[in-house]
Amino acid sequence: NQARRQMVQKVGNTALEGKDVNHKKALSRGGINAQSNLEIKNPKNNRSFARKSSGAMKSERSRKGF
């Protein structure tokens, strides 16, 4: 939520409509909520990471090879 609020202030609410705010380096892997670590992505691309049974990411590389 904090990252999304920061992006709304930067680009406006209409630019984020239907989009996700992504952390370039995941918070669970030592990333931070700074503007330099945030980007806007389509939900399909942002939610495509392989997960372990615990819900943690297996890798920061998507299954699709992007």
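The residues of the chain are indexed from 1 along the displayed sequence.
- A pairwise comparison of heavy atoms in Lys25 and Asn37 identifies N-OD1, 2.9 Å as the closest pair.
- Screening residues 14-23 for salt bridge (charged side-chain N to carboxylate O under 4.0 Å, His left out), with sequence neighbours left out, gives Asp20-Arg47.
- To the nearest 0.5 angstrom, Leu16 atom CG is 11.0 Å from Lys10 atom NZ.
- Residues Leu38 and Ile32 do not share a hydrophobic cluster, clusters being chains of Ile/Leu/Val/Met/Phe/Trp/Tyr side chains in contact below 4.5 Å.
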(request) Check the pair Asn33 / His23 against side-chain contact (heavy atoms from CB on, under 4.5 Å), numbers first and verdict last. (result) CA-CA 8 Å; Asn33 274 332; His23 290 89; 2.6 Å; yes

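- Taking all atoms of both residues into account, the shortest heavy-atom contact from Gln35 to Met7 is OE1-SD, 3.9 Å.
- Cluster note: Leu27 groups with no other residue, as no ILVMFWY side-chain heavy atom lies under 4.5 Å from it.
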